[in-house]
Amino acid sequence: MRDIAYEQALMRHRRKMLRILNEYGQENTNTWTERDLLAIQRALQVYIEAFIGMARYFVQQKYQLTVSQSREALDELKNRGDLPAEQHD
């Protein structure tokens with residue numbers, strides 16, 4: 001069963017983390033503090049977790065498959081043609 005609230009939450013997290021990362025990308029890296037580096041690391045972590053969550057959710061919704069490991073979701077999407085090989089790599 002499709003979970004619209006879950007989908008929207010994932011997309012919100014993704015957009016927010018991309019905005020934060022893009023803001024840091026406009027700055028001079030020589031001025032970054034330890035706090036900045038930790039913020040960047042956290043934003044990347046949340047972005048990656050949202051991507052993995054979306055992959056697992058998509059595999060479950062489209063193919064009625066439950067994968068136990070995140071990599072399995074990405075492999076399944078590649079094998080079924082939903083994720084291009086270059087993006088998978």
Side-chain angles (χ1 to χ4, degrees):
M1 187 167 107
R2 196 163 168 207
D3 187 343
I4 302 296
Y6 179 70
E7 293 174 23
Q8 291 172 342
L10 284 175
M11 295 306 290
R12 248 189 335 271
H13 287 309
R14 181 186 155 277
R15 281 191 304 271
K16 183 177 181 181
M17 294 308 112
L18 278 178
R19 180 182 52 79
I20 290 169
L21 292 168
N22 284 331
E23 288 174 8
Y24 274 109
Q26 303 301 315
E27 294 181 7
N28 180 352
T29 59
N30 295 325
T31 63
W32 289 351
T33 65
E34 184 177 4
R35 178 185 278 176
D36 293 323
L37 293 172
L38 290 171
I40 292 165
Q41 181 182 28
R42 178 66 178 141
L44 283 169
Q45 179 183 2
V46 171
Y47 181 79
I48 290 166
E49 287 172 357
F51 178 78
I52 291 168
M54 288 169 48
R56 292 178 78 174
Y57 177 77
F58 187 80
V59 166
Q60 197 280 323
Q61 290 296 306
K62 188 169 183 180
Y63 302 112
Q64 290 75 46
L65 296 174
T66 301
V67 294
S68 60
Q69 295 184 11
S70 303
R71 182 65 186 206
E72 291 176 24
L74 299 175
D75 291 344
E76 197 64 43
L77 291 174
K78 177 187 157 203
N79 293 338
R80 294 180 182 256
D82 293 307
L83 182 64
E86 58 275 359
Q87 288 182 350
H88 178 271
D89 294 341

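Counting from 1, the numbers follow the sequence of the chain as shown.
- At least one side-chain heavy atom of Ile20 sits under 4.5 Å from a side-chain heavy atom of Lys16.
- Put simply, Ile52 and Leu44 are part of two different groups of oily side chains (I, L, V, M, F, W, Y) that touch within less than 4.5 Å, one to the next.
- Arg56 CZ to Leu74 CG: the interatomic distance, rounded to the nearest 0.5 Å, is 10.0 Å.
- Side-chain N or O atoms of Asn22 include none that pairs as donor or acceptor with a backbone N or O of Arg19 at under 3.5 Å.
- Note: the hydrophobic cluster containing Trp32 also contains Leu21 (ILVMFWY, side chain heavy atoms under 4.5 Å, direct or indirect links).
- Applying the 6.0 Å contact sphere to CD of Glu34 captures no more than 12 heavy atoms from other residues, nucleotides or ligands.
- In this structure, Tyr57 and Tyr6 have tilted ring planes: the angle between them lies in the 30° to 60° band.
- Residue Val46 is not grouped with residue Phe51 when hydrophobic side chains (ILVMFWY) are merged at heavy-atom distances under 4.5 angstrom, including chains of intermediate members.
- Side-chain atoms of Glu49 and Gln45 include a donor-acceptor pair closer than 3.5 Å.
- Atoms CG and CZ, on Leu37 and Arg42 in that order, are 16.0 Å from each other to the nearest 0.5 Å.
- Two residues are said to be in side-chain contact when any heavy atoms from C-beta on lie closer than 4.5 Å; Asp82 and Tyr63 meet this criterion.
- With values rounded to the nearest 0.5 angstrom, Lys78 atom NZ is found 14.0 Å from Arg80 atom CZ.
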Tell me, with the steps shown, if Asp75 and His88 meet side-chain contact (heavy atoms from CB on, under 4.5 Å). CA-CA 8 Å; Asp75 291 344; His88 178 271; 2.6 Å; yes
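- Follow the hydrophobic side-chain contacts under 4.5 Å out from Leu77 and you never reach Met54; the two are in separate clusters.
- Taken together through direct or relayed side-chain contacts under 4.5 Å among Ile, Leu, Val, Met, Phe, Trp and Tyr, Met11 and Tyr47 form parts of separate hydrophobic clusters.
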